[in-house]
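The structure appears right after this line, and notes come after that.
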Amino acid sequence: MLGPSDSAARTSARFVCDFEPGTLISALIGEVRVGACHTVVDTGAGYRLRVGFMCGRYALPVDRDALGIYYEAWARDTAELAPNFNVAPTSSAYVVDEKGENRKLRVVSWGLVPRWAKDTSMQAKMINARSETVSEKPTFRDSFKESRCIIPALGWYEWQRAETSKTPFFHKMDSEPFVSMAGLLSAWKNPSTEEWLFTCAIVTRPAIDSLAYIHDRMPVLLEPKDFSLWLHGTTSEADALILKQPSGIQAYEVSSLVNATKNNDPTLLTPVNG
DNA sequence: CCAGACGTTGTT
DNA sequence: GTCTGG
DNA sequence: CCAGACGTTGTT
DNA sequence: GTCTGG
């Protein structure tokens with residue numbers, strides 16, 4: 001059982017709690033069930049549970065053709081996007097999808113608009129879809145069943161929160177050129193203009209232990225050998241891929257320049273000595 | 001029947 | 001579109 | 001995700 | 001505090 005003196009556990013262990021988030025747990029710490037998702041912060045006045053952050057920004061400073069080759073996807077007809085070190089919600093982004101035998105690279109807007117939406121006002125909040133509930137939620141379930149995609153990135157950013165600070169980290173693969181995030185794709189027809197808008201969301205999961213000191217959630221990551229199954233497998237097969245434990249991820253602190261979306265250059269990826 | 005929601009993360 | 005609440 | 005705005009009337 | 005824009 002974790003105690004206040006267990007400093008290693010304070011920085012890296014994760015917990016499930018049975019009480020209201022934010023409750024001071026100095027008197028309750030003996031009752032915390034170790035298992036997932038929360039870190040303990042010493043506030044001086046006691047111990048507080050803290051949750052981490054989620055993938056709300058990523059980098060894709062890569063051209064269309066490199067993605068087409070890596071993902072074995074048709075990219076010749078895809079619009080060229082500028083290299084982007086700071087992809088934000090509602091930004092244009094590349095995804096890989098597969099209709100029948102045709103795997104192609106597609107330009108979409110990040111933040112899923114379900115096909116029945118009246119407008120795009122909720123888009124910026126729909127950047128993540130929890131894997132635990134994605135097959136049930138009205139906003140995501142149709143896309144999960146019929147229109148899964150891969151969202152490529154060089155890596156993703158997370159902000160580690162402390163009592164008075166927030167520190168961005170960049171996450172990338174050790175030995176793959178890209179992070180392949182499990183995604184959902186949706187096509188929405190604007191009722192006014194009759195134009196189609198393609199949008200996507202990143203499927204998320206609890207963070208693996210080695211990343212828990214930064215945040216408690218992470219994207220579902222796909223291995224190259226599983227790309228096809230994610231894109232056209234059954235929902236059961238997709239569920240199985242969600243449950244796989246990812247590995248080979250490195251994370252390092254970066255400059256808070258990334259906070260402002262107007263900043264968009266290679267220095268955002270430069271490691272900071274923490 | 002119609003009206004209204006439909007989501008995630010992190011806050012206290 | 002589809003489900004829940006009134 | 002973070003940064004930045006947060007308003008009206010009347011005018012072109 | 002909460003919403004919009006990037």
Atom-pair distance ([atom1] on [X]; [atom2] on [N]), nearest Å:
X: A:Trp188; N: C:dG1; atom1: CH2; atom2: P; value: 14 Å
X: A:Leu60; N: D:dC1; atom1: CG; atom2: P; value: 21 Å
X: A:His215; N: B:dT8; atom1: NE2; atom2: P; value: 18 Å
X: A:Glu158; N: B:dT9; atom1: CD; atom2: P; value: 10 Å
X: A:Phe140; N: C:dG1; atom1: CZ; atom2: P; value: 19 Å
X: A:Asp216; N: B:dT9; atom1: CG; atom2: C1'; value: 9 Å
X: A:Gln160; N: B:dT9; atom1: CD; atom2: C1'; value: 16 Å
X: A:Asp142; N: B:dC6; atom1: CG; atom2: C1'; value: 12 Å

Dot-bracket notation for DNA chain D, counting Watson-Crick and G-U pairs under 3.5 Å, with | for partners on another strand:
||||||......
A:Tyr58: which of A:Trp110, A:Trp156, A:Tyr157, A:Phe170 passes ring-ring contact (aromatic ring centres under 6.0 Å, His included):
A:Trp110
Looking only at side-chain atoms of [X], point me to the closest of [options].
X: A:Pro138; options: D:dC1, D:dA3, B:dC6; answer: B:dC6
X: A:Arg141; options: C:dC3, B:dC6, D:dC1; answer: C:dC3
X: A:Ala260; options: D:dC1, B:dT8, D:dA3; answer: D:dA3

Run the side chain to side chain contact (heavy atoms under 4.5 Å, CB included) test against A:Ser228 and tell me which residues pass, sequence neighbours left out.
A:Arg103, A:His232
Base, sugar-phosphate, or nothing: which does A:Tyr58 touch, judged by heavy atoms less than 4.0 Å apart?
nothing
If you look at every strand shown and take non-hydrogen atoms under 4.0 Å, does A:Thr133 touch a base, only sugar-phosphate, or nothing?
sugar-phosphate
Checking [X] side chain against [Y] main chain: does a donor-acceptor pair fall under 3.5 Å?
X: A:Glu253; Y: A:Phe169; value: no
X: A:Ser186; Y: A:Val113; value: yes
X: A:Asn84; Y: A:Leu60; value: no

Within 45 degrees of the ring normal and closer than 6.0 Å to the centroid, is that where the cationic atom of A:Arg148 sits relative to A:Trp230?
yes
Kindly confirm or rule out a cation-pi arrangement of A:Arg64 over A:Tyr94, judged by NZ or CZ under 6.0 Å from the six-membered ring centre and within 45° of its axis?
no
Roughly how many Å apart are [M] and [N], using the [atom1] atom of each and rounding to a whole number?
N: D:dT11; M: B:dC2; atom1: P; result: 44 Å
N: B:dT9; M: E:dG5; atom1: P; result: 23 Å
N: B:dT8; M: D:dC1; atom1: C1'; result: 11 Å
N: D:dG7; M: E:dT2; atom1: P; result: 15 Å

Could you list all the side-chain hydrogen bond (donor to acceptor under 3.5 Å, both in side chains) pairs where at least one residue sits in residues 129-139 of chain A, not counting sequence neighbours?
A:Glu132-A:Arg217
Residues touching DNA chain E, which here means a heavy atom under 4.0 Å, drawn from residues 80-95 of chain A
A:Ala88, A:Pro89, A:Thr90
Other members of the hydrophobic cluster containing A:Ile69, with the 4.5 Å side-chain heavy-atom rule, please.
none
Pair A:Asp97 + A:Lys104: basic N to acidic O under 4.0 Å
no
Quick one: is [N] close enough that its OP1 or OP2 comes under 4.0 Å of any side-chain N or O from [X]?
X: A:Arg57; N: E:dG6; answer: no
X: A:Ser256; N: D:dC2; answer: no
X: A:Arg217; N: B:dT8; answer: no
X: A:Lys118; N: B:dA3; answer: no

Evaluate whether the aromatic ring of A:Trp116 and the six-membered ring of the C:dT2 base sit under 5.5 Å apart, centre to centre, with an inclination under 30°.
no
Pairing residues for A:Glu176 by the salt bridge (Lys or Arg N to Asp or Glu O under 4.0 Å) criterion, not counting sequence neighbours
none
